[in-house]
Amino acid sequence: MEQLVIASNNSGKIAEIRSMLSQLQLLSLQDIGYTHELAEPYHTFEENALAKAAAISAFSGKNVFSDDSGLCINAMNGAPGVDSAHYSGSRNDEQNLQKVLDGLTSQPDRSAYYKAVVCLIWEGETWFFEGICRGSIATEQQGDNGFGYDPIFMPDGYDQTFGELPLTVKNKISHRGQAIRKMVAFIEERMAIK
Ligand code: IMP
């Protein structure tokens with residue numbers, strides 16, 4: 001089976017991606033012996049995704065992909081955006097989502113979207129795949145499925161948050177699900193024409 005390294009230490013993300021990638025052998029950073037933090041120093045998802053994938057490609061010499069993603073709130077000019085993982089100043093999901101809820105008190109426009117940019121380095125070439133999932137921010141936490149901002153994110157067309165919806169439903173419509181499916185279709189095409 002073809003191997004692919006995932007350049008992430010985020011266990012929530014890895015669990016979601018693993019459930020969508022049965023046709024490839026997914027290797028974690030632990031599997032390849034990479035023990036450092038992965039830097040995300042830039043102001044766009046694309047640059048951060050490329051930085052992470054390039055670092056792991058250089059380290060391992062294997063095919064690798066990364067996901068850089070975040071929650072963008074329209075009334076907050078796209079914040080927390082690339083700062084989603086540490087919006088409150090620390091990598092704490094509960095504090096991060098509380099800061100979002102506090103920031104939207106008495107704000108009528110609660111529309112938001114999740115964005116994911118996947119960067120794939122496949123046989124030395126670099127490719128990007130994107131997914132966007134639109135929705136709105138609930139007034140309080142609902143459910144404890146998923147990770148990050150899921151208990152307060154209600155996708156358009158549903159009356160439950162990603163914290164309440166099963167992972168199978170989230171994967172069908174989520175930003176990451178869309179981006180990963182595009183990447184898988186690309187890899188399958190590449191492998192078929194070999
Ligand atoms: P990064 O891509 O590692 O910089 O971090 C992405 C951050 O965005 C996560 O730590 C979460 O805070 C947030 N995020 C991205 N995707 C999701 C999701 O599917 N559910 C909930 N939070 C997410």
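When a ligand or atom number is given, it counts from 1 through the structure's own listing order.
- Of all atoms in ligand 1, listed by their number and element, those nearer than 4.0 Å to a heavy atom of Asp150 are 18 (C), 20 (N), 21 (C).
- Atom numbering of ligand 1 starts at 1 in the shown order; those under 4.0 Å from a heavy atom of Gly148 are 21 (C), 22 (N).
- Applying the 4.0 Å criterion to heavy atoms of Asp68 picks out, from ligand 1, the atoms 1 (P), 2 (O), 4 (O).
- In terms of protein heavy-atom proximity, atom 16 (N) of ligand 1 is closest to Arg176 NH2, 2.8 Å.
- Surrounding CG of Asp144 are at most 12 heavy atoms belonging to other residues, nucleotides or ligands under 6.0 Å away.
- Tyr149 CE1, 3.2 Å is the protein heavy atom nearest to atom 12 (O) of ligand 1.
- Contacts of Asn10 with ligand 1, taken as heavy-atom pairs under 4.0 Å, involve the side chain alone.
- Under a 4.0 angstrom heavy-atom cut-off, Gly146 registers as lying outside contact with ligand 1.
- The main-chain N or O of Gln142 is found under 3.5 Å from a side-chain atom of Thr161 such that the two form a donor-acceptor pair.
- Although no hydrogens or angles enter the test, the distance criterion places no donor-acceptor pair under 3.5 Å between the side chain of Asp67 and the main chain of Val118.
- Of the protein's non-hydrogen atoms, the one nearest atom 2 (O) of ligand 1 is Lys13 NZ, 2.8 Å.
- Ligand 1 has Asp67 within reach: a non-hydrogen atom of the residue lies less than 4.0 Å from it.
- Heavy-atom contacts from other residues, nucleotides or ligands closer than 6.0 Å to NE2 of His36 number more than 12.
- Residue-to-ligand polar distances keep Asp93 apart from ligand 1: every N/O pair is separated by 3.5 Å or more.
- The two residues Arg181 and Lys172 have their closest heavy-atom pair at NH2-O, 2.8 Å.
- With atom 15 (C) of ligand 1 as the reference point, the heavy atom nearest to it among Ser69, Ser174, Pro80 is part of Ser69.
- The backbone N or O of Tyr87 sits less than 3.5 Å from a side-chain atom of Lys99, completing a donor-acceptor pair.
- Considering backbone and side-chain N/O atoms, His175 comes within less than 3.5 Å of an N/O atom of ligand 1.
- Heavy atoms from both the backbone and the side chain of Phe147 come within less than 4.0 Å of ligand 1.
- Scanning the protein heavy atoms around atom 8 (O) of ligand 1, the nearest turns out to be Ser84 CB, 3.2 Å.
- Proximity of Arg91 to ligand 1, defined as any heavy-atom pair under 4.0 Å, is not found for any part of the residue.
- For the pair Cys133/Phe162, a side-chain contact is recorded, criterion being any heavy-atom separation below 4.5 Å from C-beta on.
- Put simply, the side chain of Asp93 gets close to the backbone of Gly148: a donor and an acceptor are under 3.5 Å apart.
- More than 12 heavy atoms of other residues, nucleotides or ligands sit less than 6.0 Å from atom CG of Asp102.
- Phe153 and Tyr114 have tilted rings, their planes meeting at an angle from 30° to 60° on a 0 to 90° scale.
- Taking every heavy atom of Lys170 and a limit of under 4.0 angstrom, the matching atoms of ligand 1 come to 18 (C), 19 (O), 20 (N).
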